[in-house]
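Written out below as structure tokens is the structure these notes cover.
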2 protein chains.
Amino acid sequence: MTKKTTEKQRLRAPSKRSLASRSRILDAAETVFARDGFEGAKVRDIAALAEVPLGLVNHHGGSKEALFREVVERRAEELARLRLEALAQAKGQGALDLTAILGCFFRPYLAKAAGSDPQWLAYARLVAMVSADPAWADISTDLFDPTAQRFMDEICALHPKVSRAVVAEGFVYSVAALLAFLTSEWRIAALASQSDAQASVEGLVAFCAAGCAARIAQAET
Amino acid sequence: MTKKTTEKQRLRAPSKRSLASRSRILDAAETVFARDGFEGAKVRDIAALAEVPLGLVNHHGGSKEALFREVVERRAEELARLRLEALAQAKGQGALDLTAILGCFFRPYLAKAAGSDPQWLAYARLVAMVSADPAWADISTDLFDPTAQRFMDEICALHPKVSRAVVAEGFVYSVAALLAFLTSEWRIAALASQSDAQASVEGLVAFCAAGCAARIAQAET
DNA sequence: GCTTATTTTGAACAATGGTTCAATTTAAGA
DNA sequence: TCTTAAATTGAACCATTGTTCAAAATAAGC
């Protein structure tokens with residue numbers, strides 16, 4: 001079984017033109033969903049932004065909900081891979097402290113957001129939406145939680161005496177701070193400048209690392 | 001001018017019955033908005049939950065947007081008052097450190113959420129919605145920012161050498177952590193137990209105070 | 001108790017928005 | 001080149017939903 005069983009049987013390969021349409025639709029959906037939320041987003045707005053007829057959105061994306069899931073999934077895999085790679089590389093260079101671990105979790109995202117592809121900033125809003133709304137809990141479970149668990153494993157290894165619940169608490173607060181950073185207007189502006197972005201990231205990491213350390217120390221006493 | 005000029009002229013006092021309807025509608029709106037978001041919420045659901053005819057919602061609440069604003073405003077004033085009172089009282093008992101200042105900001109909210117009125121938990125979701133969505137920026141500016149500025153003044157006074165931007169950064173991250181705490185499923189469960197609630201709050205305050213302190217220390221060097 | 005502003009009710013309206021579909025065009029595979 | 005699956009198009013469908021309205025019921029003010 002080399003392919004997912006959910007994949008529809010195809011008698012022909014998709015044409016280059018259809019691939020381009022599909023890509024434009026996903027990009028437009030990402031932008032509109034991030035801007036207006038799931039309920040607020042209109043399939044017609046997505047079609048208009050992608051410059052395709054209305055019917056084509058459903059043809060390529062399926063239902064509105066399926067389209068949303070696909071948009072979220074599209075970048076989640078790449079992001080998870082980058083994070084785990086950063087963690088593996090850092091571990092190869094010696095023992096990790098809290099700051100280093102959180103840095104491996106934060107930096108790949110921030111590098112993308114500050115990078116050339118502006119769609120990554122829209123994606124941050126999608127992650128915040130999914131994280132905040134219990135209706136999308138299954139997406140979090142499937143796409144985000146495994147990586148988070150991996151990083152929490154690392155922190156737990158650093159502090160064998162504290163419960164995983166305490167580590168999770170600090171981690172959740174840290175992710176909340178990260179999302180606040182990425183979705184706030186003034187930070188987005190800061191990300192435009194390379195030096196400002198660097199300083200901002202260090203500030204965020206310092207905040208979260210010290211916060212986690214304090215919470216863990218509190219539990220240890 | 002003892003009354004707001006925007007207030008409609010009234011020839012008669014509202015009846016007790018109309019006051020009860022109005023209150024039930026606002027409570028229902030709070031619950032439904034918190035559960036489904038602004039776009040996802042249906043005026044019909046609000047009417048059904050309040051057990052009033054559909055038309056009565058518009059009669060008392062005005063447009064859907066006006067109703068949402070009123071629901072948010074309703075508790076904002078009380079919350080702001082409690083926070084400022086806590087701050088004033090703490091200042092009367094001696095010099096404040098970072099932990100004490102943040103405690104004055106966090107505890108009134110958490111006490112309400114852990115208290116007898118379950119609607120305060122729904123309200124936390126509304127605050128998170130308003131904070132996250134740029135479309136409601138004017139609500140944040142009017143209702144939330146003044147109190148936040150007051151608390152940041154206090155932190156700035158503690159650390160005269162660091163820029164207000166650095167203080168604001170830590171404060172925003174702290175509020176994000178607070179909202180993550182209040183809107184996450186597992187924390188809500190913890191709030192049910194008085195002792196668990198106490199421990200959770202201390203953990204949150206410890207995280208944010210240490211985070212802010214680290215960010216400020218980083219800026220001072 | 002009378003008057004009348006206010007509240008309540010149920011229905012209807014008009015616009016919105018997700019989805020479906022038949023017909024047409026395009027291009028992949030042989 | 002020929003066949004035909006896939007992609008595209010534009011329109012229509014139909015449930016949903018915010019809002020309005022006129023008539024009836026209620027209760028405040030005198």
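Proteins come first, then strands; the chains are lettered A, B, ... in the order of their sequence lines, and each starts at number 1. Worth knowing before you read on, the calculation uses all heavy atoms, side chains too, and leaves out hydrogens, waters and symmetry mates.
- The distance between atom NE2 of H60(A) and atom P of dT26(C), rounded to the nearest whole Å, is 16 Å.
- Rounded to whole Å, atom P of dG10(C) lies 11 Å from atom CG of L56(B).
- Taking only side-chain atoms of N58(B), from C-beta outward, the nucleotide of dT8(D), dT19(D), dT20(C) with the closest atom is dT19(D).
- Using a 4.0 Å heavy-atom distance criterion, A47(A) is classed as making no nucleic acid contact.
- When the side-chain nitrogen and oxygen atoms of H59(A) are compared with OP1 and OP2 of dT20(C), none of them lie within a distance under 4.0 Å.
- Taking the centre and axis of the six-membered ring of F207(B), the NZ or CZ atom of R215(A) falls outside the cone set by 45° and 6.0 Å.
- Between the CD1 atom of I25(A) and the CD1 atom of I46(A) there is a distance of 9.0 Å, given to the nearest 0.5 Å.
- Distance E39(B) CD to dT16(C) C1': 12 Å, rounded to the nearest Å.
- Out of dA7(D), dT19(C), dT19(D), the shortest distance to the side chain of V43(A) is found at dT19(C).
- The pair R74(B)-E70(B) does not meet the salt-bridge criterion, since no charged nitrogen lies less than 4.0 angstrom from a carboxylate oxygen.
- Place F38(A) and L54(B) on DNA chain C by their nearest nucleotides, and L54(B) ends up nearer the 5' end.
- At the heavy-atom level, A66(B) lies nowhere under 4.0 Å from the strands shown.
- Between atom CH2 of residue W136(A) and atom CE of residue M129(A) there is a gap of 7.5 Å, rounded to the nearest 0.5 Å.
- Here the C1' atom of nucleotide dT19(D) and the CG atom of D45(B) are 16 Å apart, to the nearest Å.
- As rounded to whole Å, 11 Å separates atom C1' of dG18(D) from atom CZ of F33(B).
- For the pair K64(A) NZ and dA15(D) P, the computed distance is 19 Å after rounding to whole Å.
- In this structure, V52(A) and R44(A) both approach DNA chain D, and ranking their closest nucleotides by distance from the 5' end singles out V52(A).
- For the OP1/OP2 pair of dT8(C) and a distance below 4.0 Å, the side-chain nitrogens and oxygens of S21(B) include at least one atom meeting the criterion.
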